[in-house]
K.L.:
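Before I ask anything, let me first share the structure, which is written out below as structure tokens.
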2 protein chains.
Amino acid sequence: MTQMMKGILDGCLLAIINENEVYGYELAVKLERYGFDSISEGTIYPLLIRMQKEKLVTSTYKKSTAGPKRKYYSLTDKGEEELASFIKRWEYLQINVTNVLNDETKP
Amino acid sequence: MTQMMKGILDGCLLAIINENEVYGYELAVKLERYGFDSISEGTIYPLLIRMQKEKLVTSTYKKSTAGPKRKYYSLTDKGEEELASFIKRWEYLQINVTNVLNDETKP
DNA sequence: CATGAGTACCTTGCATTACAAGGTACTTAA
DNA sequence: TTAAGTACCTTGTAATGCAAGGTACTCATG
């Protein structure tokens, strides 16, 4: 499972950040609810930092009612473009893999 | 695109090998026709060797009508199990990613 | 007030793996 | 005999998910 996530997870993060500002810990919780059980914080935080370096997201700290300050992320214009591009790549991949599996395993 | 293939390509290879014996060069051609333009032989051969080490496939050399001997691969029982397992993982991934994209980008 | 649970962030090091680039060698036709 | 097409393989590099480990804040409980 873990290998399959490579290159897909960042697109999912962009998608989640797209609608609302979110913070890293929240992302971990949301992803888990979506069924990605195994995505740990050790994966998410480096990814967010990388995406910020690439100017796909920006961040601001806000106080929390319970616990340390939260680092909220939101998409830049470039991030929105990257999300759109990811969706296209994902759809393309999905179609191709589905074709292979259908053609070759149900002849 | 290339990152998204990690962990997916080997399942596709298993699927293609599943029905008919195929050789490496043929796999490259088939994948290209399925839309995976960028999958080069430098990717496929190491993967086949790895899968053989893991006893997912076996291979036999046969003469070719044009060119050097071909190394034909076929699935072992373990390979068939792995293919079935891959299909489940893929379907699971597909559903989850689709949910994220739908929920978060079309609210 | 001290302690623990829950929240929230981050770093280091490792393993996996797709690919570019480069190499070998066989067959057939010009 | 030369070129084109077929067919195999290896080396080195880059990307990236994750386990493990660490820091620090808030609040309720004893």
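In what follows, chains are A, B, ... by sequence order, proteins preceding strands, each numbered from 1.
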K.L.:
Reckon A:Tyr23 has a side-chain N or O less than 4.0 Å from the OP1 or OP2 of C:dA8?
P.N.:
yes

K.L.:
What is the distance from atom OH of A:Tyr34 to atom CD1 of A:Ile39, rounded to the nearest 0.5 Å?
P.N.:
14.0 Å

K.L.:
In residues 1-8 of chain B, what residues come within less than 4.0 Å of DNA chain C, judged by heavy atoms?
P.N.:
B:Thr2, B:Met5, B:Lys6, B:Gly7

K.L.:
In Å and rounded to the nearest 0.5 Å, what is the NZ to OG1 distance from B:Lys71 to B:Thr60?
P.N.:
10.0 Å

K.L.:
In whole angstroms, how far is the P atom of D:dG17 from the CG atom of A:Leu27?
P.N.:
13 Å

K.L.:
Specify the separation, in whole Å, of atom CZ of A:Phe86 and atom P of D:dT16.
P.N.:
12 Å

K.L.:
Nearest-Å distance, CD1 (A:Ile44) to P (C:dA8)?
P.N.:
13 Å

K.L.:
Determine the contact category for B:Gly42: base if any of its heavy atoms lies under 4.0 Å from a base atom, sugar-phosphate if only primed atoms, P, OP1 or OP2 are that close, otherwise nothing.
P.N.:
base

K.L.:
Rounded to the nearest 0.5 Å, what's the gap from CD on A:Gln94 to CZ on A:Arg89? Could you check?
P.N.:
14.0 Å

K.L.:
How close or far is atom P of D:dT16 from atom CG of A:Leu13, stated in whole angstroms?
P.N.:
12 Å

K.L.:
Looking only at side-chain N and O atoms, does A:Thr43 come under 4.0 Å of OP1 or OP2 in D:dG17?
P.N.:
no

K.L.:
Counting side-chain heavy atoms from CB outward, which of C:dA8, D:dG17, D:dC9 is closest to A:Leu9?
P.N.:
D:dG17

K.L.:
So that I can tick it off, tell me whether A:Glu21 and A:Lys62 are bridged by a salt bridge, with the cut-off set at under 4.0 angstrom between side-chain N and carboxylate O.
P.N.:
yes

K.L.:
Within this structure, what is the CD1-to-C1' distance between A:Ile49 and D:dA15, rounded to whole angstrom?
P.N.:
16 Å

K.L.:
Roughly how many Å is it from CE in A:Met51 to P in D:dA15, rounded to a whole number?
P.N.:
16 Å

K.L.:
Are B:Leu31 and B:Ile49 joined in one hydrophobic group, where the rule is that I, L, V, M, F, W and Y side chains link up if heavy atoms are under 4.5 Å apart?
P.N.:
no

K.L.:
Would you indicate which nucleotide in C:dT7, D:dA7, D:dC8 comes nearest to any side-chain atom of B:Lys71?
P.N.:
D:dC8

K.L.:
How long is the line joining NZ of A:Lys53 and C1' of D:dT16, in whole Å?
P.N.:
13 Å

K.L.:
With a 4.0 Å cutoff (strictly under), does any side-chain N or O of B:Ser40 reach OP1 or OP2 of C:dC19?
P.N.:
no

K.L.:
Closest heavy-atom contact between A:Ala15 and B:Val100?
P.N.:
CB-CG1, 4.0 Å

K.L.:
May I ask you to verify if any side-chain N or O of A:Tyr25 is less than 4.0 angstrom from the OP1 or OP2 atom of C:dT7?
P.N.:
yes

K.L.:
Which atom names give the shortest non-hydrogen contact between B:Gly7 and A:Gln3, and what distance separates them?
P.N.:
CA-CB, 3.8 Å

K.L.:
Does the pair A:Lys55/A:Glu82 count as a salt bridge with the N-to-O cut at 4.0 Å?
P.N.:
no

K.L.:
Using a 4.0 Å heavy-atom cut-off, write out nucleotides 22-30 of chain D from 5' to 3' as B (base contacted by protein), S (sugar-phosphate only) or - (no contact).
P.N.:
--BBSS---

K.L.:
For C:dT17, does OP1 or OP2 lie under 4.0 Å from any side-chain N or O of B:Arg50?
P.N.:
yes

K.L.:
Can you list the residues that meet the ring pair (Phe, Tyr, Trp, His ring centres under 6.0 Å) rule with A:Tyr23, with sequence neighbours excluded?
P.N.:
A:Tyr72

K.L.:
Can you spot which of B:Ile8, B:Leu14, B:Asp10 makes a side chain to side chain contact (heavy atoms under 4.5 Å, CB included) with B:Cys12?
P.N.:
B:Ile8

K.L.:
In whole Å, I'd like the distance from the CD atom of B:Glu26 to the P atom of D:dC8.
P.N.:
9 Å

K.L.:
Quick one: is C:dC10 close enough that its OP1 or OP2 comes under 4.0 Å of any side-chain N or O from A:Tyr45?
P.N.:
no

K.L.:
How is A:Phe36 classified with respect to the nucleic acid when contacts are heavy atoms under 4.0 Å: base, sugar-phosphate, or nothing?
P.N.:
nothing

